[in-house]
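Since the structure comes first, as structure tokens, the remarks are kept for the end.
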Amino acid sequence: MTVLATSGTRPLSLLGVLITAQAGWVAALLLPLLIWPPGWTLPLDTVSGLAMISTVLGLGVTAAVTRTVWDARLLLYVSLTVFNVGALLAHLFDPAAQMVPRYFTDAQLAQAGYYLIVCLAAWTLGTVLTALLIPQTAAAASPYQQQRLRLVGLAFLLLGTVPALLELGEAVQAVRSGGYMALYQQDVTVGAANWRAVAGGFFVPGMLFLLGSGTLRRRGQWGVALAMLLYVSARIALGHRSSALMPLIALAYLWHHTIRPLPARLTATVGAVVFVVLLPAVAILRQASGIVNLSPDALVETFLNLQSPLLGTLFETGGTIMTTAYTLDFIPGSREFGQGVSYATSLWTILPSIGGLNPALAGEGLYAAWLVRSVDPGVASLGGGYGFSPMAEAYANFGLVGGVAGFLAVSLLVQGLMTRFGGRHNAVHVVLMAVTLSAVLLWARGESASYVRPIVWFVLLPALYVLLRPRDHVA
């Protein structure tokens with residue numbers, strides 16, 4: 001019996017079952033929010049169990065659609081899950097441990113967790129709907145398009161390599177002198193004064209465009225990969241984790257689809273080592289005077305003394321649930337519902353902030369900045385923060401039920417693009433998805449205003465240049 005078509009589309013019967021099942025699951029989760037009074041919630045242990053059930057269902061449904069680990073939709077779903085309900089999953093196995101570093105009642109965490117579970121179920125529904133409604137192209141990239149990928153990569157590297165290295169060197173000096181937190185205690189620059197950080201952002205996309213162009217020989221491919229690994233290693237040595245691993249995941253995605261498939265066993269082993277060993281070790285080491293200052297003996301001792309690293313990593317990464325709990329507590333009250341304003345103003349970030357503060361940051365500014373100012377002005381004054389969440393942003397704009405609907409709309413938009421340009425046999429599409437992953441995997445703990453610019457600058461504008469051909473090149 002044929003299960004899947006060779007073009008990558010799924011038979012209607014399979015998608016029909018998945019849509020029906022996922023829509024029913026979303027409706028069942030959403031019903032209590034519609035009929036019960038504000039403030040209603042389930043016990044925290046029950047919500048943790050629901051988080052596990054919903055996560056398993058979501059992974060199963062998404063995997064049935066994508067049929068590979070190396071699909072942008074599945075990777076983004078994992079990121080959204082780990083950052084937003086990871087603490088709930090860990091709580092299921094260690095209910096006595098503190099879920100988050102700040103005080104919340106069980107009811108607050110349960111209410112925030114339940115809302116996040118419904119949003120993630122809605123996201124999975126968007127996965128199935130876009131797979132049904134939006135076709136993928138099976139056409140391979142033309143030599144002309146591959147050359148344009150190369151040109152984009154070289155242009156990005158010309159613009160971003162030196163600024164990225166300067167930023168990296170400055171960060172190393174800061175960590176050497178003041179530890180990890182010194183990175184967040186430097187003067188904030190905006191407008192033209194921030195040119196190095198803005199230009200340096202082209203470095204990683206440039207490497208991905210060049211590597212995925214198909215125009216490099218084997219030595220060139222390994223050279224680009226080695227340069228990326230050195231860059232990621234330097235970021236990890238500074239104490240960065242998520243922002244360092246996102247380019248690594250994008251590199252692996254690109255390598256798997258354009259150069260050589262990565263064995264499943266190797267992928268699972270490396271993923272387990274990173275999640276269970278590397279991430280918790282870096283979290284401990286960066287609390288010292290800076291990883292770059294530590295001796296080899298101190299590094300070995302830290303790795304050997306790790307305790308419950310898997311649950312510890314889930315508790316820490318899942319701490320993003322705090323941002324949703326705070327947002328549900330503060331809005332409405334300290335701030336009114338945005339009615340979609342944050343999504344509209346995020347479009348201002350497409351423009352470079354040459355003359356000063358970007359209009360998207362005016363007024364109360366980003367939700368993440370507003371939240372840390374409201375919760376802990378001391379941390380805000382040091383340049384720290386708690387991040388935010390795309391689900392919290394949806395609630396902050398539209399409320400509980402409206403937030404779920406809004407997040408479903410965001411899911412359809414984001415995954416619609418991922419589905420349309422998710423062709424694994426087209427180098428252009430693979431490169432665009434790799435660059436997208438390098439930018440948006442951290443969206444799981446952010447908001448739209450922080451990710452509109454990289455998507456437009458590094459993905460959409462290059463896509464127009466690569467895919468739209470002059471008339472004399474059209475057959």
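- The cationic group of Arg260 does not satisfy the cation-pi geometry with Trp255, failing either the under 6.0 Å distance to the six-membered ring centre or the 45° limit from the ring axis.
- The distance from the CG atom of Leu437 to the CG atom of Leu248 is 12.0 Å, given to the nearest 0.5 Å.
- Between Pro462 and Val435 the shortest side-chain heavy-atom distance does not fall below 4.5 Å.
- Seen from the ring of Phe209, Arg150 does not count as a face-on cation partner, given the 6.0 Å and 45° thresholds.
- The structure places OG1 of Thr258 at 11.5 Å from CG of Asn426, a figure rounded to the nearest 0.5 Å.
- Between Ser438 and Leu208 there is a side-chain heavy-atom pair separated by less than 4.5 Å.
- Minimum heavy-atom separation, Ala199 to Pro163: CB-CG, 3.7 Å.
- Side-chain contact between Phe407 and Val118: absent, with no pair of heavy atoms (C-beta onward) separated by less than 4.5 Å.
- Within the 3.5 Å criterion, the main-chain N or O of Trp123 finds a donor-acceptor partner in the side chain of Thr127.
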Under the side-chain contact (heavy atoms from CB on, under 4.5 Å) criterion, do Gln339 and Asn397 qualify, and how do the steps go? CA-CA 5 Å; Gln339 305 300 334; Asn397 279 281; 5.8 Å; no

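- Interatomic distance, Phe388 CZ to Glu393 CD, rounded to the nearest 0.5 Å: 7.0 Å.
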Apply the test side chain to side chain donor-acceptor pair (under 3.5 Å) to residues Thr66 and Thr68: give CA-CA distance (whole Å), side-chain angles for both, the deciding distance (0.1 Å), then the verdict. CA-CA 5 Å; Thr66 64; Thr68 175; over 6 Å; no

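- Between the side chain of Gln221 and the backbone N or O of Leu211 there is no donor-acceptor pair closer than 3.5 Å.
- By the 30° and 60° cut-offs, the orientation of the rings of Phe421 relative to His429 is perpendicular.
- A heavy-atom distance below 4.5 Å is found between the side chains of Phe203 and Tyr231.
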Take Tyr253 and Met433 through the test side-chain contact (heavy atoms from CB on, under 4.5 Å) and record every step on the way to the result. CA-CA 9 Å; Tyr253 175 90; Met433 283 301 99; 3.4 Å; yes

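- When each of Thr62, Thr55, Leu57, Val61 is paired with Leu59, the side-chain contact (heavy atoms from CB on, under 4.5 Å) condition holds for Thr55 and for no other.
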side-chain contact (heavy atoms from CB on, under 4.5 Å) for Val152 and Phe156? Distances and angles first, verdict last. CA-CA 6 Å; Val152 171; Phe156 278 12; 4.0 Å; yes

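- In this structure, Thr320 contributes its side chain and Phe83 its backbone to a donor-acceptor pair below 3.5 Å.
- Ring-plane geometry between Tyr395 and Tyr115 is classed as perpendicular, the angle between the planes exceeding 60 degrees on a 0 to 90 degree scale with a lower cut at 30.
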Check against side-chain contact (heavy atoms from CB on, under 4.5 Å), Phe202 and Leu157: CA-CA 7 Å; Phe202 286 86; Leu157 288 174; over 6 Å; no

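- Distance CD/Gln22 to CG/Leu125: 6.0 Å, rounded to 0.5 Å.
- Atoms CG and CZ, from Leu371 and Arg373 in turn, are 10.0 Å apart once rounded to the nearest 0.5 Å.
- Among all heavy-atom pairs drawn from Arg73 and Ala131, the shortest one is NH1-CB, 4.3 Å.
- Looking at every heavy atom in both residues, Leu432 comes nearest to Thr436 through O-OG1, 2.7 Å.
- Counting only distance, with no hydrogens or angles, the side chain of Ser79 and the backbone of Leu76 share no donor-acceptor pair below 3.5 Å.
- Rounded to the nearest 0.5 Å, atoms OH (Tyr144) and CG (Leu467) are 10.5 Å apart.
- Nearest heavy-atom pair across Ala227 and Met207 is CB-CE, 3.2 Å.
- Side chain of His257 to main chain of Trp70: a donor-acceptor pair is present (N/O by atom type, distance under 3.5 Å, no hydrogens or angles).
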Test side chain to side chain donor-acceptor pair (under 3.5 Å) on Thr324 and Asn84 and set out the steps. CA-CA 9 Å; Thr324 302; Asn84 287 277; 4.7 Å; no

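- Using a 4.5 Å heavy-atom threshold, the side chains of Leu120 and Met391 count as touching.
- In terms of heavy-atom proximity, Gly416 sits nearest to Ile134 at CA-CD1, 3.4 Å.
- Not one N or O on the side chain of Gln415 forms a donor-acceptor pair closer than 3.5 Å with the backbone of Leu412.
- Here the side chains of Met418 and Asp71 are not in contact, with every heavy-atom distance at 4.5 Å or above.
- Heavy-atom minimum distance, Leu366 versus Ser450: CD1-OG, 4.2 Å.
- A distance-only check finds no donor-acceptor pair linking the side chain of Ser54 to the backbone of Ala51 [under 3.5 Å].
- No donor-acceptor distance shorter than 3.5 angstrom exists from the side chain of His256 to the backbone of Pro261, with no hydrogens or angles considered.
- With contacts defined as side-chain heavy-atom distances shorter than 4.5 Å, the pair Leu314/Leu88 does not qualify.
- Side-chain atoms of Val85 and Ile321, non-hydrogen and from C-beta on, never get closer than 4.5 Å to each other.
- Note that Arg453 lies in the cation-pi zone of Trp457, set by a 6.0 Å cut-off to the ring centre and a 45° limit from the axis.
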